[in-house]
Amino acid sequence: MIESVKIPTSLLPEDGRFGCGPSKIRPKQVKALAQAGTTLLGTSHRQSPVKHVVASIREGLANYFDIPEGWQVALGNGGASAFWEMACASLIARRGAFGSYGSFSGKFAASAAKAPFLEEPVIYKGEYGTCALPEYTDDVDVYAWAHNETSTGVMAPIRRVRGSVEQGALTLIDATSGAGGLPVDITQTDAYYFSPQKVFGSDGGLWIAILSPDAIERAANVEQSAQLEGARRWVPPFLSLTQALENSRKDQTLNTPAISTLVLLDEQVKWLNEHGGLDWATKRCAKSADILYSWAERSDYATPFVKDTAIRSNVVVTIDLDDSIKASAVVSALRDNGIVDTSGYRKLGRNQLRIGVFPSVKPDDVEALTHCVDYVVEHLN
């Protein structure tokens, strides 16, 4: 049995959290949450104190993403997973075309395939570690893919499929782990949706969507047609995008939200905007990612999993280790030294590290992490 590796204190990062799943909450957010304990927590979400927080979030995100006139920021309960079902109910009129190149990018397509009132989706599938975007397809009214595939560390370009506007098709982008940390032109989308537990340093269970006028109109038309006599389609209230929009315009959600999630999100959005907004955040993430990719390329035992440099993610970095070095042993040793959440995506099944480099992660801490991994590998072998 290999004894535990003790990493010298001088090498350790200031903050050892590098998770791609749990949020990285800053101390100032915790302080804001504590203050909310006497002012907001336990207050009805339809009362002005909470509505002011929702209004601040919507305004802050509108500024952060520089959304055009007519686009709207909506939010509701259930996370991005719930928004997949909402899109099936309220945004796909008949049939969608999907890019599927990882565990998460394929889930929206799976939901569409199970919807009894939709036609079989067209799926453009790629191997893990690659990117497969939907191409122009006859008889579809939605094109959908993920901005960032969290399971593999693949970053996809965001641009409308050529000819999609002319055919009246919407572009829906699942941006959960990429939103706020990767560049995006919102006008190239109709629904750019995400949960706040990554870049936006909050908890899950909430979805946020930036919606174009075309998406808003589509939802209204689909839901109106669902009410016609003999219609096979149904839109339950929880999955009604029009109801979510109506409530969002009132700075509230249809169902009761977790107030603490709103407080954490609001504080993070303010922090990001104060530091320079999307441009600042994307550059910070890119710097941290480059530290990891450059280290792996110099290493004699580590290599970037994603081979195509153009699609390597700047928020979720995946690094393969040589078969002679067990990633599980490295992850365990790091954890023993207070460095957590560096394990690869379990379903991918690779001998791999997966590192979250969202804006709350300091580039200096990422640099320190590389030295810690080198130290652990040297002493494990």
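If you're wondering where the values come from, they're calculated on a predicted model, not measured in any experiment. Only this structure's heavy atoms are used, side chains among them; waters, hydrogens and symmetry mates stay out.
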P157: side-chain contact (heavy atoms from CB on, under 4.5 Å) partners, not counting sequence neighbours: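 side-chain contact (heavy atoms from CB on, under 4.5 Å) list for P157, sorted by chain: C131, L133, R159.
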
Taking [X] for the side chain and [Y] for the main chain, is one N or O donor matched with an acceptor at less than 3.5 Å?
| X | Y | answer |
| --- | --- | --- |
| D266 | L262 | no |
| S105 | Y101 | yes |
| R249 | Q72 | no |
| R312 | V306 | yes |
| D174 | T176 | yes |

Would you say [X] has more than 12 foreign heavy atoms packed within less than 6.0 Å of its [atom1]?
| X | atom1 | value |
| --- | --- | --- |
| E297 | CD | yes |
| K114 | NZ | no |
| K362 | NZ | no |
| Q188 | CD | yes |

Distance-only side-chain donor-acceptor flag, Q352 / D320, under 3.5 Å: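 There is such a pair (donor and acceptor under 3.5 Å, judged by atom type) between the side chains of Q352 and D320.
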
Partner of Y345 under ring pair (Phe, Tyr, Trp, His ring centres under 6.0 Å), chosen from Y128, F305, F104: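 Exactly one candidate clears the test, F104.
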
Ion pair check, D139 and R95, cut-off under 4.0 Å: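 Salt bridge absent between D139 and R95.
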
Residues D214, R218: salt bridge by 4.0 Å N-O rule: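 No salt bridge links D214 with R218.
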
Is the ring pair [X]/[Y] parallel, tilted or perpendicular, if the boundaries are 30 and 60 degrees?
| X | Y | result |
| --- | --- | --- |
| H275 | W280 | tilted |
| F108 | Y193 | perpendicular |
| F200 | F194 | parallel |

Derivation and outcome, side chain to side chain donor-acceptor pair (under 3.5 Å), residues Q268 and S360: CA-CA 9 Å; Q268 182 77 345; S360 293; 3.0 Å; yes

Intermediate values then yes/no, salt bridge (charged side-chain N to carboxylate O under 4.0 Å, His left out), D251 and R58: CA-CA 8 Å; D251 295 323; R58 295 182 66 229; 3.0 Å; yes

Taking all non-hydrogen atoms of both residues, which atom of [X] and which atom of [Y] are closest, and how far apart?
| X | Y | result |
| --- | --- | --- |
| A32 | E267 | CB-OE1, 3.9 Å |
| A281 | G180 | CB-O, 3.4 Å |
| Y293 | S313 | OH-O, 2.7 Å |

Euclidean distance, S177 OG relative to H147 NE2, rounded to 0.5 Å: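 One finds 9.5 Å between NE2 of H147 and OG of S177.
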
Working for side chain to side chain donor-acceptor pair (under 3.5 Å), residues Y301 and D374: CA-CA 10 Å; Y301 67 86; D374 283 339; 2.6 Å; yes

Passing candidate, side chain to side chain donor-acceptor pair (under 3.5 Å) with S212, options T187, T189, T171, D190: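 The single option meeting the side chain to side chain donor-acceptor pair (under 3.5 Å) with S212 is D190.
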
